[in-house]
Number of protein chains: 2
Amino acid sequence: MDTIDPSSRQRAALAKRYGEADVPALGPWSETLELLLSHRTLRGFSSAPLPANTLETLVAAASSASTSSNLQTWSVVAVTDHDTKVELAKVGANQKYIVECPLFMVWIADLSRNNRLGREEGMHLEGNDTLEMMLMASLDATLAAQNAAVAAESIGLAMCYIGGLRNDAARVAELLHLPPGAFAVFGMCVGTPKPGAPSEVKPRLPQSIVLHRETYKVGDEKALRTLYDQRMGVFSKRNDMAMQTWTQRVVQRLAKLSGMSGRQHLKETLIRLGFPLQ
Amino acid sequence: MDTIDPSSRQRAALAKRYGEADVPALGPWSETLELLLSHRTLRGFSSAPLPANTLETLVAAASSASTSSNLQTWSVVAVTDHDTKVELAKVGANQKYIVECPLFMVWIADLSRNNRLGREEGMHLEGNDTLEMMLMASLDATLAAQNAAVAAESIGLAMCYIGGLRNDAARVAELLHLPPGAFAVFGMCVGTPKPGAPSEVKPRLPQSIVLHRETYKVGDEKALRTLYDQRMGVFSKRNDMAMQTWTQRVVQRLAKLSGMSGRQHLKETLIRLGFPLQ
């Protein structure tokens, strides 16, 4: 039994996320909120096997998420094969935790099921050819995945999203035998921490930047960003990360198309993979 | 204290989601998993005000979700103004619960912050002009929103996503004063149930359809779909919904572009809203 009272724990959780100076007003609280607030991305996994039927449990959480108009335009491919993980890691900027983790879930925006349904019913589903449906399928996959992420953390596991699979979505489709109309939105490492793996709650932009009331208003964003740069600089130093402010990170990532590690070609790749994006 | 043992509760939750015939193997369990499995979309809200500082609490959960490379390319606009909700409901197929709910959160794929950052740093961020970044911002908004959804349910509130805002993303941008490079991915009603509002756990496709092991394999999908059609038929009848199988729903929605309520134009709309989609 934790002897610290709930409001102290709540304040402490909010301070870790936003910094002492930017703790928002305390509202309702729950064990699940405490879990959500304590989320940390893990980047070093032990090879310990997962509890029996963990995969089915995470997928049940994923299935329980909202899905656009109940169309359920997502799938997930569970990869445990070492050689496949090695190949997927090559796509994902050689992040070695993709190979380390005992379960690598690849979340699929899946319009191929609708395509098959249309063929079986004797028609071409025009809607499937739109940008909207590529986006809807990606959102459905993300809603499902985030429920699985929360579920994993609720049973003492840790996780890490791998957006780097979009560096070469065509290669991922080839490795996982995806049919036309299906692509990997991102991967997710699931497992238990390797001893000593760094894992600290990462500071986020203050609520005054991301939360707008009634209409969108740009406040004193530049000054707030400077403060956040300082917080992230301290965090990076403490976590042995490349010394970089948040502003530097954004600029490095987005200033030139060549800094996007292949993702600047995603549009052409998706068209080749059976998403006309009309 | 619930006197039913955890594995019975777990089995019951899985049976509600997948049907008695498709209960997956029982794995680890937690209170949060029980919450996730019990998710129901609510479509009738009372006008009761929310507990103090609910909004800040939900946004703290949203901020704690993973975000692509920590770029945090999302924002949220919290709408409580009656007249604005009325106008938003007109975009969202006149769903009256948009007006009823005490808090309507509009989740924004937000590249405008990066655009401003670039200008302040004296450069144009080329990456922002890509399809990839429109998608990343939409994924970031969705990860954040789903954490807020789970948080809301964990404190006894109910919610409903409103994808219908994409029927006319330009009108939503106008109503909420969104800057170029920002668009509303979806809305979210938050509140407490109106007495008698239907709210039952909705059956989902079985795991054998959505979960693939090692590689994507299409199994006996057509036969499984027929069974799911039967389950959804029974569910629809019990919940006073239009009698429709799942197959009929997919076909009605996607067979013709004209069935997409305006979303077939999303590509052109996003380009106009400052997403070049290159």
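Given the structure is predicted, the values throughout are model-derived calculations rather than measurements.
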Student: Heavy-atom distance under 4.5 Å to chain A: side chain of Trp246(B), backbone, both or neither?
Tutor: side chain
Student: Among Thr67(A), Asn70(A), Ile209(A), which has the most heavy-atom pairs under 4.5 Å with chain B?
Tutor: Asn70(A)
Student: Give the member of Met123(B), Lys222(B), Lys217(B) that has the highest number of heavy-atom pairs under 4.5 Å with chain A.
Tutor: Lys222(B)
Student: Under 4.5 Å heavy-atom distance to chain B, tell me which part of Glu221(A) shows up: side chain, backbone, both or neither.
Tutor: side chain
Student: Roughly how far, to the nearest 0.5 Å, is the CG atom of Leu211(A) from the CG atom of Leu58(B)?
Tutor: 10.0 Å
Student: Contact part of Leu26(A) toward chain B, heavy-atom cut-off under 4.5 Å: side chain, backbone, both or neither?
Tutor: backbone
Student: Would you sort out whether Gln146(B) and Asn147(A) count as a side-chain contact (heavy atoms from CB on, under 4.5 Å), showing the intermediate values?
Tutor: CA-CA 7 Å; Gln146(B) 184 56 16; Asn147(A) 255 24; 2.7 Å; yes
Student: Which of these, Lys16(A), Arg40(A), Arg17(A), sits in a side chain to side chain contact (heavy atoms under 4.5 Å, CB included) with Ser64(B)?
Tutor: Arg17(A)
Student: How many angstroms lie between atom NZ of Lys267(B) and atom CE of Met134(A), to the nearest 0.5 angstrom?
Tutor: 10.0 Å
Student: Are any of the side-chain heavy atoms of Pro28(B) and Thr54(A) separated by less than 4.5 Å?
Tutor: yes
Student: By a 4.5 Å heavy-atom criterion (distance strictly below it), what part of Thr41(A) contacts chain B: side chain, backbone, both, or neither?
Tutor: side chain
Student: Distance from Glu132(B) atom CD to Leu270(A) atom CG, nearest 0.5 Å?
Tutor: 9.5 Å
Student: With only heavy atoms counted, which part of Lys202(A) is less than 4.5 Å from chain B, the side chain, the backbone, both or neither?
Tutor: side chain
Student: What residue, out of Val201(B), Ile108(B), Leu14(B), Val250(B), has the most heavy-atom pairs lying under 4.5 Å from chain A?
Tutor: Val250(B)
Student: Can you tell me which of Leu175(A), Val185(A), Leu55(A) forms the most heavy-atom pairs within a distance under 4.5 Å of chain B?
Tutor: Leu55(A)
Student: Against chain B, label Ala52(A) side chain, backbone, both or neither, depending on which of its atoms sit under 4.5 Å from a heavy atom there.
Tutor: backbone
Student: Taking the side chain as every heavy atom from C-beta outward, state whether Leu277(B) and Leu131(A) have any pair of such atoms under 4.5 Å apart.
Tutor: yes
Student: I need the residue from Ala65(A), Pro51(A), Gly118(A) with the largest number of non-hydrogen atom pairs under 4.5 Å to chain B.
Tutor: Ala65(A)
Student: Could you check Leu176(A) against Tyr216(B) for side-chain contact (heavy atoms from CB on, under 4.5 Å), going step by step and ending with a plain yes or no?
Tutor: CA-CA 6 Å; Leu176(A) 302 183; Tyr216(B) 193 110; 5.5 Å; no
Student: With sequence neighbours excluded, what pairs up with His124(B) under the side-chain hydrogen bond (donor to acceptor under 3.5 Å, both in side chains) test?
Tutor: Asp129(B)
Student: If I measure from the heavy atoms of chain B, does Ser69(A) come under 4.5 Å with its side chain, its backbone, both, or neither?
Tutor: both
Student: Should the heavy atoms of other residues, nucleotides or ligands under 6.0 Å from NZ of Lys256(B) be counted, would the total exceed 12?
Tutor: no
Student: Is it the backbone or the side chain of Arg225(A) that comes under 4.5 Å from a heavy atom of chain B, or both, or neither?
Tutor: side chain
Student: Under 4.5 Å, counting heavy-atom pairs only, tell me which of Val79(B), Leu266(B), Leu37(B) racks up the most with chain A.
Tutor: Leu37(B)
Student: May I ask you to test the Thr215(A)-Val77(B) pair for a side-chain heavy-atom distance under 4.5 Å?
Tutor: no
Student: Is Val106(A) close to chain B through its backbone or its side chain, or both, or neither, when contacts mean heavy atoms under 4.5 Å?
Tutor: neither
Student: I need the residue from Thr57(A), Val251(A), Thr73(A) with the largest number of non-hydrogen atom pairs under 4.5 Å to chain B.
Tutor: Thr57(A)
Student: Any side-chain donor-acceptor pair under 3.5 Å between Ser30(A) and Ser154(B)?
Tutor: yes
Student: With respect to chain B, which residue among Gln72(A), Met159(A), His39(A), His177(A) yields the maximal number of heavy-atom pairs within a distance under 4.5 Å?
Tutor: Gln72(A)
Student: Checking Gln278(A) against chain B: side chain, backbone, both or neither under 4.5 Å from a heavy atom?
Tutor: backbone
Student: Pick from Gly259(A), Ser68(A), Pro179(A): which one has the most heavy-atom pairs with chain B under 4.5 Å?
Tutor: Pro179(A)
Student: Side chain, backbone, both or neither: which part of Met105(A) has a non-hydrogen atom closer than 4.5 Å to chain B?
Tutor: neither
Student: Please look at Thr32(A) and chain B and tell me whether the side chain, the backbone, both or neither of the residue comes under 4.5 angstrom of a heavy atom of that chain.
Tutor: both
Student: Top residue by heavy-atom pair count (under 4.5 Å) with chain A, among Val218(B), Leu50(B), Val150(B), Thr84(B)?
Tutor: Val218(B)
Student: As an exercise, state the distance from CZ of Arg253(B) to CG of Leu125(A), rounded to the nearest 0.5 Å.
Tutor: 12.5 Å
Student: Pick whichever of Ala61(B), Pro24(B), Gly163(B), Ala60(B) has the most heavy-atom pairs under 4.5 Å with chain A.
Tutor: Ala60(B)
Student: Can you establish whether the number of heavy atoms outside Glu120(A) located under 6.0 Å from its atom CD is more than 12?
Tutor: yes
Student: Measuring from Met260(A):CE to Glu126(B):CD, what's the distance to the nearest 0.5 Å?
Tutor: 10.0 Å
Student: Could you please spell out the steps behind the side-chain contact (heavy atoms from CB on, under 4.5 Å) verdict for Arg263(B) and Met136(A)?
Tutor: CA-CA 10 Å; Arg263(B) 295 196 215 176; Met136(A) 181 194 282; 3.7 Å; yes
Student: Where does Leu257(A) contact chain B at under 4.5 Å (heavy atoms): side chain, backbone, both or neither?
Tutor: both
Student: Tell me, side chain or backbone of Arg166(A) under 4.5 Å from chain B's heavy atoms, or both, or neither?
Tutor: side chain
Student: Take His212(B) and Val76(A), measure what side-chain contact (heavy atoms from CB on, under 4.5 Å) needs, and give me the verdict at the end.
Tutor: CA-CA 6 Å; His212(B) 304 260; Val76(A) 61; over 6 Å; no
Student: Any sub-3.5 Å donor-acceptor pair from Glu214(B)'s side-chain atoms to Asp81(A)'s backbone N or O?
Tutor: yes
Student: Roughly how far, to the nearest 0.5 Å, is the CG atom of Leu254(A) from the CG atom of Asn128(B)?
Tutor: 5.5 Å
Student: For Glu31(A), is it the side chain, the backbone, both, or neither that has a heavy atom closer than 4.5 Å to a heavy atom of chain B?
Tutor: side chain
Student: Going by ring pair (Phe, Tyr, Trp, His ring centres under 6.0 Å), name the residues that satisfy it together with Phe104(B), two or more places apart in sequence or in a different chain.
Tutor: none
Student: In the structure I gave you, are the side-chain heavy atoms of Leu135(B) and Ser138(A) within less than 4.5 Å of one another anywhere?
Tutor: yes
Student: Heavy-atom pairs under 4.5 Å with chain A: which of Leu35(B), Thr130(B), Leu139(B) has the most?
Tutor: Leu139(B)
